[in-house]
Enquirer: 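Sharing a structure below in structure tokens format, with a few things to ask.
Below, chains carry the letters A, B, ... as their sequence lines are ordered, and counting in each starts from 1. All figures in this text were calculated on a predicted structure; none of them were measured in a lab.
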Protein chains: 2
Amino acid sequence: MEVKEKLKKYSDAEHCPVRNVISHFSSKWSILLLHILAEESPMRFGEISRVLEDISPKVLTSTLKNLESVGLVCRKVYAEVPPRVEYSLTPSGRTLIPALAPLVQWSIDNFASIVGNRGQSGKRS
Amino acid sequence: MEVKEKLKKYSDAEHCPVRNVISHFSSKWSILLLHILAEESPMRFGEISRVLEDISPKVLTSTLKNLESVGLVCRKVYAEVPPRVEYSLTPSGRTLIPALAPLVQWSIDNFASIVGNRGQSGKRS
DNA sequence: CAGCATCCCGTAAGATACTG
DNA sequence: CAGTATCTTACGGGATGCTG
């Protein structure tokens with residue numbers, strides 16, 4: 001198939017798998033969150049909050065909900081007092097991690113050159 | 001290193017390679033654009049516009065600039081009348097494509113289940 | 001042709017306070 | 001503890017019109 005045809009087709013977000021999928025975990029914390037859960041599951045809400053110390057509960061909630069809605073994360077509620085909720089990766093979520101690995105590696109390898117002299121030298125806001 | 005330490009470190013966007021890198025091409029058209037240029041380089045501004053027919057010049061410009069600023073795309077201006085500008089992937093940009101491939105594949109494989117019955121059946125706006 | 005300038009909108013994301 | 005509610009800001013993205 002012609003490149004142009006293919007891309008014309010994928011210009012429509014609804015028909016582009018990559019965009020459709022990426023859009024779901026390209027939010028600020030999604031990938032980080034996935035990797036946290038990949039290495040340590042299950043985790044409780046508060047635990048995650050403590051690790052991602054800069055995330056607000058609201059954002060964490062929405063990020064988790066988003067990931068849950070696309071079946072990457074599993075949310076398990078325990079009817080206890082005090083309440084306990086545990087998050088973990090779904091099988092589907094687990095398969096995403098290795099698919100992401102090369103990209104992560106690339107990012108690490110190219111981080112320096114991408115950021116240029118930022119982050120490399122003493123630059124810290 | 002402890003997972004938590006690692007993630008605490010990466011919570012700061014500036015120290016997280018993945019987020020830092022991904023943030024640059026997680027915009028709506030970036031990946032599509034990269035793949036277009038991966039298959040057909042160089043391309044002129046107008047050519048790209050025609051392929052990505054839904055993109056506005058402004059957004060295309062900013063997307064290209066963004067990709068250029070991180071060294072993924074190369075912009076070549078020809079001092080002619082009428083002006084001609086050609087865009088192509090940099091070597092760095094080319095290495096990104098294969099790193100993205102597994103993710104793309106994963107997206108394709110999991111597209112259906114992610115979107116659920118949307119896009120599968122007749123759903124079209 | 002290849003943009004830039006400008007205005008507008010929707011949504012991600014942050015801060016803060018409150019609750020089952 | 002695990003969120004929700006509300007407000008506010010920042011930015012991506014789109015539309016339109018203009019220019020070197």
Enquirer: Could I get the full list of side-chain contact (heavy atoms from CB on, under 4.5 Å) partners for A:V59, not counting sequence neighbours?
Expert: A:W29, A:I55, A:S56, A:T63
Enquirer: Kindly state each residue pair satisfying salt bridge (Lys or Arg N to Asp or Glu O under 4.0 Å) with at least one member in residues 89-106 of chain A, sequence neighbours excluded.
Expert: none
Enquirer: Of the nucleotides C:dA2, C:dG14, D:dA2, which one has an atom closest to the side chain of A:S56?
Expert: C:dG14
Enquirer: Between C:dG3, D:dG3, C:dA2, which nucleotide has the shortest distance from any of its atoms to the side chain of B:P57?
Expert: C:dG3
Enquirer: Base, sugar-phosphate, or nothing for A:T61, non-hydrogen atoms under 4.0 angstrom?
Expert: base
Enquirer: By the 4.0 Å heavy-atom rule, please label A:Y87 as base, sugar-phosphate, or nothing.
Expert: sugar-phosphate
Enquirer: Find which nucleotide of DNA chain D each of B:P83 and A:K65 is nearest to by heavy atoms, and output the residue with the more 5' nucleotide.
Expert: A:K65
Enquirer: Partners of B:S49 by side chain to side chain donor-acceptor pair (under 3.5 Å), sequence neighbours excluded?
Expert: none
Enquirer: Nearest to the side chain of A:R50, which nucleotide is it out of D:dC1, D:dG3, C:dA2?
Expert: D:dC1
Enquirer: Could you work out, with side-chain contact (heavy atoms from CB on, under 4.5 Å) as the rule, every residue matching B:E68, not counting sequence neighbours?
Expert: B:R75
Enquirer: Tabulated below should be each protein N or O lying under 3.5 Å from an N or O of nucleotides 6-13 of chain C; please produce it.
Expert:
from, atom 1, to, atom 2, distance (Å)
C:dA13, OP1, A:K28, N, 2.4
C:dA13, N7, A:K58, NZ, 3.2
C:dA13, N6, A:K58, NZ, 3.4

Enquirer: Who passes side-chain contact (heavy atoms from CB on, under 4.5 Å) against B:S88, sequence neighbours left out?
Expert: B:S41, B:P42, B:C74
